[in-house]
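Please read the structure below before turning to the comments.
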Amino acid sequence: MSENLLQIKNISVTFKTRHGVLKAIDDLSLNVKKGEILGLVGESGAGKSMTGAAVLGLIDPPGRLSSGQIWYKGQRIDQAPETIRGHEISMIFQDPLVSLNPLRRIGDQLVETILTHMPITKAEAVDRARKGLEEVGIDPERINAYPHTFSGGMRQRVVIALALAPEPALIIADEPTTALDVSVQAQILDLLKQLCRERGTSIILVTHDMGVIAETTDRVGVLYAGRLAEIGETRDVLTNPKHPYTKGLVASTPRIDASSFDKTLYQISGSMPKLDAMPNGCAFHPRCEFALDKCRIDRPSIIADRAACWLLDGEETLL
Amino acid sequence: MLIIILRRLGQSILVLFLVALISFLIFRFVGNPVDNLMGQEATLLQRAALEEALGLNDPLYKQYFNFVWRAIHFDFGNSYRGALPVAELIASRLPATLELALTSAIFALVFGVITGIYTAIKRGGFIANLILSTSLIGVSLPTFLIGVLLIWLFAVELRWLPSFGRGEVVTLGWWTTGFLTISGLKSLILPSITLGLYQLTLIMRLTRSEMLEVLRQDYVRFAKALGLSNKQVHFNHALPNTLVPVITIAGLQLGSIVAFAIITESVFQWPGVGLLFINAVYFVDIPVMSAYLLLVGVLFVFINLLVDLLYLAIDPRLRDSQLNGER
Amino acid sequence: MMNRFLDSDFFHDFLRAPVALISFCVVLILVLSAVFAQFIAPTNPFDPASLELMNGFTPPLEANMFTGEIFLLGTDDQGRDLFSAILYGLRISLFVGLMAVTLAMVLGVMLGLIAGYVGGWLDNLIMRLADIQMTFPSILIAMLIFGIARGLLPPELRYEMAITVLIISIGLSEWVPFARTVRGSTMVEKEKEYVAAARLIGLNRWQIMIRHILPNVLGPVLVIATITFALAIIAEATLSFLGVGAPPTEPSLGTLIRVGQDYLFSGEWWILLFPAVTLLALALAVNLLGDWLRDTLNPRLK
């Protein structure tokens with residue numbers, strides 16, 4: 001379990017705009033191990049989706065990967081990301097209603113993807129496509145149906161079948177359940193989790209939902225303003241958060257148990273800084289109740305393999 | 001599906017009756033049929049007799065229905081000039097116009113879509129920018145000036161192509177075609193380019209903006225993420241979605257091509273209905289004007305209807321929603 | 001007022017857009033030379049007495065073989081100085097274009113205001129009429145109206161009234177975009193509080209429409225007017241070229257190009273070229289200016 005499948009090394013993603021160059025991701029590093037589910041959590045605009053797009057080289061201009069390296073299975077891929085798309089790393093998008101080509105039958109889209117990556121005949125590809133649909137719980141007889149004839153949840157199942165069809169070793173799932181009904185969300189997550197566990201496929205699960213993180217992931221990375229704030233085993237991070245931002249995030253997650261009635265939720269005051277108005281030092285310090293003088297000047301890097309926070313600086317030995 | 005077609009059909013017929021009404025009003029009130037048939041020296045008695053015979057004393061709605069009834073039977077009266085039946089005149093000139101319009105439409109569609117896709121895929125590239133800025137000049141150039149300049153270059157200076165007429169035509173029943181002779185085809189080139197150039201730039205700009213829009217869609221990003229090649233993404237996924245609106249608009253443009261043919265036909269002395277119409281305007285030949293208006297009206301309505309049906313055939317979403325009566 | 005304009009974003013954007021600046025200069029030069037044509041032009045091309053048939057077909061900057069006279073841009077078939085003819089033709093083209101746009105604008109804005117503010121069956125009637133008219137290219141509508149007007153006029157007035165008829169034909173064929181835009185904006189403005197307030201203090205419909213709503217919808221109207229101006233100039237040139245526009249006694253640019261086409265094969269290229277270049281410069285400059293105005297003033301219209 002400890003072998004690194006994907007290594008993201010100090011990447012930055014920048015956007016050139018009229019108001020200058022904005023950094024959407026700023027010097028971010030993380031690893032994905034073989035077979036694990038890594039969650040990436042953060043507010044919208046924190047750079048979690050952008051990280052997924054960067055791995056596959058799918059950042060739309062004017063944005064670009066301006067520095068850093070991405071390694072996959074011991075090879076550098078950030079210069080030619082199209083070579084690993086599909087059969088090594090594939091992706092699931094947020095909204096299944098717009099992820100499928102509306103003018104093409106789902107079977108055609110599956111067969112096309114399979115044939116692109118596998119040296120097999122069309123009949124064999126159709127066979128595989130039917131099996132793939134069956135695995136995600138869709139009647140293979142509907143192989144010739146158009147996407148619009150499926151509900152949102154069913155479409156996301158088709159999307160999962162498509163993403164798994166070229167047998168990738170890693171799937172980047174970008175908020176795969178956000179656009180779905182609450183009752184369907186758990187089904188889709190379980191399905192994704194189960195299929196990947198069976199195949200030993202790793203997942204990067206991008207979400208803003210702490211509940212999803214808790215139920216699904218092995219490890220979690222917390223992103224704030226394009227930087228990694230904290231990373232670690234999901235259980236550790238959720239039960240014993242080290243970064244004040246993570247603490248706030250955990251405390252502001254609603255819980256349903258007897259003790260929570262009539263209690264108001266914790267709120268982190270203020271809001272995430274805009275990309276064109278980044279504070280010096282730690283990006284979180286203007287909202288941080290524990291901020292030290294140092295936090296306003298120097299940017300902390302990840303300390304003790306856990307959190308980017310100066311508060312941990314002295315505790316290092318304690319951990 | 002049937003209901004939607006019937007509804008469209010109903011709307012079309014309504015529009016046709018309206019166009020027919022305008023056509024009738026022009027026919028009845030702009031030109032005085034009696035003056036034109038008899039000349040100034042006829043006696044009052046003779047005029048009264050003719051008015052009675054022509055039904056000009058009937059109530060207006062009756063005259064209108066008579067007009068429509070005769071129009072359905074291709075009876076538009078006689079041209080004031082030469083006294084030939086208008087229907088005969090139009091029938092003899094319609095093939096020329098339709099062949100010209102069809103050729104330019106195909107020219108505009110093919111090159112418009114190709115350059116549109118190219119400028120979308122190679123956005124910001126040198127050649128793409130060149131094509132785009134040239135097209136801006138193309139839009140500003142009046143059609144007749146394009147025609148005149150083409151004649152100057154290819155007919156006067158280079159002497160490659162003829163500058164007027166249809167060349168040799170072959171008669172097939174009541175149809176005459178220029179498609180079957182070398183001189184006929186050569187004669188088609190300059191007028192088709194002149195007539196199609198404006199539509200070409202329109203279709204190009206439309207294709208480009210639609211394609212850019214489609215390339216931003218999640219299903220295109222998803223197709224890329226699945227490892228499909230650029231070619232697969234552009235042509236199997238982006239193109240069909242781009243073409244749906246393009247075909248609609250291009251189809252609707254076909255009607256304008258027939259109307260714009262008036263200008264091109266005049267520049268190239270192309271013996272079609274457009275030339276007939278512009279001469280009718282010049283000589284105030286009211287029956288021809290009114291019949292031409294009706295003809296163009298029918299054509300436009302017919303094309304609109306056809307495009308609607310085509311739309312239903314291409315887009316499965318629309319097809320099903322119409323079938324199930326959803327939305 | 002002037003200083004405020006010079007300080008505005010609009011003016012700064014304008015200075016930073018070379019295309020707009022050049023286009024504006026071209027339009028300005030053409031308009032000025034049209035307005036002051038009688039002071040610039042060496043001859044009056046509309047005065048038959050000034051024409052010397054012997055001067056016909058003189059190439060530009062060459063001495064005529066009979067009279068020895070030299071003309072900047074040469075002469076046409078009737079010995080008319082082309083430079084003067086272009087200046088006077090430009091004047092007619094600009095005049096017709098301007099009047100036609102004004103007519104289309106007044107008509108379109110009025111109908112749009114009524115349709116948007118009053119609504120109901122009147123709105124329905126106006127907008128259905130607009131729909132049907134939009135189905136047909138405006139040049140066809142203009143030709144049709146021209147033909148009808150000619151039919152209604154007694155033959156002896158046809159030449160005399162030609163320019164007026166031309167203006168009416170083009171004007172009536174271009175009102176729809178104005179009406180649609182104004183109707184849309186009016187429907188938005190109508191719901192705003194200041195209109196309700198105006199109604200409360202007892203202003204009547206017309207006062208509200210003219211004094212309160214109209215000023216707020218003028219921005220897009222200006223943009224459409226510029227674009228329509230280019231269309232009107234092209235429409236006028238086209239109709240005149242086809243022989244159903246300006247009369248031969250008062251040739252516009254389109255008429256001059258029509259004459260020029262006849263002499264292409266015999267080698268008198270200048271009769272065609274100079275009017276054509278003038279028309280092209282005018283149409284292109286107004287178009288570019290319109291595009292720029294649209295992008296700057298109202299990105300929504302794009």
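Being a predicted model, the structure only gives us computed values, none of them experimental. The sequence lines fix the lettering, A, B, ..., with proteins before strands; numbering per chain opens at 1.
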Examine whether an atom of [X] lies under 4.5 Å from a heavy atom of chain B, and if so say whether it belongs to the side chain, the backbone or both; otherwise answer neither.
X        : value
C/Leu144 : both
C/Leu239 : neither
C/Ala230 : neither
C/Leu231 : neither
C/Asp291 : side chain
C/Ile233 : neither
C/Ile139 : side chain

Side chain, backbone, both or neither of B/Asp285 within contact of chain C (heavy atoms, under 4.5 Å)
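Interface part for B/Asp285: neither.
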
Kindly determine whether B/Phe268 and B/Phe164 satisfy ring-ring contact (aromatic ring centres under 6.0 Å, His included), including the steps that lead there.
CA-CA 4 Å; B/Phe268 291 92; B/Phe164 66 91; 9.8 Å; no

Looking at chain C, which one of B/Val267, B/Leu18, B/Ile151 has the largest number of heavy-atom pairs inside 4.5 Å, strictly under?
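Among B/Val267, B/Leu18, B/Ile151, the one with the most close pairs to chain C is B/Val267.
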
Note: vs chain C, highest number of non-hydrogen pairs under 4.5 angstrom among B/Val15, B/Val19, B/Ile262 is B/Ile262

Flag for B/Glu265-B/Thr97: side-chain donor and acceptor within less than 3.5 Å
yes

Find out whether the Lys NZ or Arg CZ of C/Arg150 is both under 6.0 angstrom from the six-membered ring centre of B/Tyr282 and within 45° of the ring's axis.
yes

Classify the ring geometry between B/Phe27 and B/Phe67 as parallel (under 30°), tilted (30 to 60°) or perpendicular (over 60°).
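B/Phe27 and B/Phe67: tilted rings.
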
For a side-chain contact (heavy atoms from CB on, under 4.5 Å) with B/Ser79, tell me which candidate from B/Leu89, B/Leu276, B/Ile90 qualifies.
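Only match with B/Ser79 under side-chain contact (heavy atoms from CB on, under 4.5 Å): B/Leu89.
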
Contacts of B/Glu213 that satisfy salt bridge (Lys or Arg N to Asp or Glu O under 4.0 Å) - sequence neighbours left out:
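Partners of B/Glu213 under the salt bridge (Lys or Arg N to Asp or Glu O under 4.0 Å) test: B/Arg216.
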
